[in-house]
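See structure below.
Just so you know, residue 1 is the first one in the sequence shown, and it goes up from there. Each ligand, and each atom within it, is numbered from 1 in the order the structure gives.
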Amino acid sequence: MPHRFRTLFQHTGDAVCLADAEGVIVEANPAATTRFGLAADARGHLRDLFADPTDWAGVARRLERGEDVHMPVRLRAPSGAPVVESITCVQMRDGPGAQIQAIVHAVHNPYGGDLHELYDGHTGLPNRAAFVTQLTRTLQSPAHRGSPLAVMHVDLNRFHRINESLGHETGTTVLSMTAQRLDACLRPGDVVARGSGDDFLVLLKDFVGEAEVVRVAERIARMLTGGYAVGEHEVFCGSDVGVALGEGGAADADTLLRAAETAMSSARRTGRVQVFRPEMRTDAVQAMRMDTDLRHALERGELRVFYQPVVGLRDGRVHGFEALVRWEHPVRGLVSPADFIPVAEDTDLIIPIGEWVLREAALQLRDWQGRYPEHPLGMGVNLSVRQFRPALVQQVRTVLEHSGVDPAGLKLEVTESVVMADADDAIAILHQLKELGIKLQVDDFGTGYSSLSYLHRLPVDILKIDRSLVVAMPQGTKHVSIVRAIIALANTLALETTAEGVEDAEQADNLREMGCTHAQGYLWSRPVPAAQAEPLITAPPLTR
Ligand code: C2E
Ligand code: CA
Ligand code: CA
């Protein structure tokens, strides 16, 4: 060490240690000797400076990744008591054959002696408080002035279910596996922290443009979607990722964190990674108000069920209906389910709402089955992912008993994602539902995973071909081929097909010619209240 640096080393008030590649301390300055109570000759190991082994594990892992670490940790005072100090650990290459690998530089406790927990014990990651400190420091650092930064809010969306059904130990394992996967998606210099509960925070530096950040965010979302093998369980848990972009010197930590969280809510609603835009804030405020209003909607009787006829393409007659919920909001008027179902899903209000729709639709079907015995009718009822839990089976059984409906007429609609996300559990529930004698349909087929290979594993009866494919048919021969292939496949598996969103006669003709059995759409009728739907049951064939 050149003389002038040695002088600095000896006299600075900050504690500085040099350690070798194994973490064994080879030099410590007097400030360090006093602060950590190190013996003059036997220096010990860096690990021993830490009051909590998980703190050290976190630092060591990041050093291994080639990352420089700046963060508050709990160090051990000579008395043995933990003291929160801000440390810097950097790797040094001291020429070829370098011995010295790490340097700990502890600035005396800038946190006012408060013993905050700065690490998350489960994952070894810094916690939210530590992340905020780090983010603030980065934003204020001259080195990052004017350069782009991104904060990501990563939310595990099925985590509470894992905790509930498989226990906290499994939950904790999933969290630490998530931490490792996040780590693997990031580069040295990026920061990842555990937020609160089931969310994680990421700080990205040194990237070029929004597209690169979105790519990283999408990679994260993909990595977290894959199954987690925990003991004998295969757990699936998916994530929603929101991104906020900022610039060193021009943003503050709090604003960025809130923006990232808002973007995450939008990601949850849309099902894809979202970068924050100011208008999302109004969306979020509206969603919040909607959430309080929606709580009362059920008890105040503001929900309605509308019915859209499902038409047999061969005979042009109404073979049944799809029940579609509506909200008659006292101020906003009729609110679309596309707007409030996602809110209901976020708040778990979907459970009572879904149950109410199911009951209403079953009673309506029972009524029509009784009065029009010569017209066998079916009733499609949508099920949200959130309703898809073991309790659902009992719920459906109760509704069947109370309504006295013929079970074969009830056709529950589930999307592909429901089945794919949690395949084994979901398939078990589907089988139990089938045992009640009801029918199952795959909704929005052709939009999600569109994985045909899993279909034969599922006890389903009907495929509903998504409107986007039907709409696209006239333009693209490709879409015609896809629809044709879906129908052919369904026929091979002895499944019925219902095309959604048929708006003109040409589409209907094409579909009929391809062998599609049923369809619904504005061509025949929009979803309407029961009183308007009823005459359709006995109406003459609705085809031209
Ligand atoms: P979905 O299950 O795919 O329902 C079909 C949607 O397409 C309905 O929208 C229907 O009104 C609309 N539609 C039908 N024919 C046509 C057409 O010819 N052209 C066009 N452009 N649209 C057509 P709606 O009623 O707004 O419902 C939207 C979504 O909300 C539904 O999509 C479903 O995912 C969800 N939803 C509705 N009711 C419930 C419910 O009771 N429970 C749950 N979990 N979700 C529901
Ligand atoms: Ca549907
Ligand atoms: Ca659909």
Practice item. Determine whether the side chains of Tyr228 and Thr170 contain a donor N or O and an acceptor N or O closer than 3.5 Å. Key: no
Exercise for review: Can you pull out the closest protein heavy atom to atom 19 (N) of ligand 1? Residue, atom name and distance to 0.1 Å, please.
Suggested key: Glu503 OE2, 2.5 Å
Exercise for review: Verify the neighbour count for atom CD of Glu212: are there more than 12 heavy atoms of other residues, nucleotides or ligands below 6.0 Å?
Suggested key: yes
Check your understanding: Under 4.0 angstrom from atom 2 (O) of ligand 1, is there any protein heavy atom?
Key -> yes
Review point. Any luck finding a side-chain donor-acceptor pair between Gln369 and Arg366 under 3.5 Å?
Key: no
Exercise for review: Would you mind naming the N, O or S atom of Asp444 nearest to the Ca ion (ligand 3)?
Suggested key: OD1
**Study point:** Arg332 atom CZ: more than 12 heavy-atom contacts under 6.0 Å
**Key:** yes
Revision key, fill the gap. Side chain to side chain donor-acceptor pair (under 3.5 Å) with Lys464: of His518, Gln441, Glu413, only one passes, and it is Glu413
Check your understanding: What's the shortest distance from atom 6 (C) of ligand 1 to any protein heavy atom, and which residue and atom give it?
Key -> Leu324 CD2, 4.8 Å
Review point. Would a 4.0 Å cut-off, counted as strictly less than, catch a protein heavy atom around atom 24 (P) of ligand 1?
Key: yes
Review point. Is there a heavy atom in Pro527 that sits closer than 4.0 Å to ligand 1?
Key: yes
Check your understanding: Which heavy atom of the protein is the closest neighbour of atom 27 (O) of ligand 1, given with residue, atom name and distance?
Key -> Pro337 CG, 3.3 Å
Exercise for review: Starting from the Ca ion (ligand 2), look over the N/O/S atoms of Asp443 and name the nearest one.
Suggested key: OD2
Review point. Any protein heavy atom sitting closer than 4.0 Å to atom 21 (N) of ligand 1?
Key: yes
Review point. Would you call Leu523 and Asp504 a side-chain contact if the rule is heavy atoms closer than 4.5 Å?
Key: no
**Study point:** Check: Gln520 N/O within less than 3.5 Å of ligand 1 N/O
**Key:** no
Check your understanding: Regarding Gln274 and Asp240, is there a side-chain donor-to-acceptor distance under 3.5 Å anywhere?
Key -> no
Study note, to complete from the structure: Checking distances from the Ca ion (ligand 2), one finds that the N, O or S atom of Glu322 closest to it is OE2
Review point. Phe131 ring centre to Arg128 NZ or CZ under 6.0 Å, with the angle to the axis within 45°?
Key: no
Exercise for review: Measure the shortest side-chain to side-chain distance between Val502 and Val311 over non-hydrogen atoms and say whether it is less than 4.5 angstrom.
Suggested key: no
Practice item. Looking only at distances, please establish whether an N/O atom of ligand 1 is found under 3.5 Å from an N/O atom of Val325. Key: yes
Exercise for review: Could you check which N/O/S atom of Glu413 is closest to the Ca ion (ligand 2)?
Suggested key: OE1
**Study point:** atom 32 (O) of ligand 1 protein-contacted (non-hydrogen atom, under 4.0 angstrom)
**Key:** no
**Study point:** Option of least heavy-atom distance to atom 14 (C) of ligand 1 (set: Arg526, Gln387, Gln308, Lys464)
**Key:** Gln308
**Study point:** Atom name in Glu500, limited to N/O/S, at shortest distance from the Ca ion (ligand 3)
**Key:** OE2
Study note, to complete from the structure: The protein heavy atom nearest to atom 13 (N) of ligand 1 is Tyr522 CE2, 3.8 Å
Check your understanding: Within a reach of under 6.0 Å around CZ of Arg371, are more than 12 heavy atoms found that belong to other residues, nucleotides or ligands?
Key -> yes
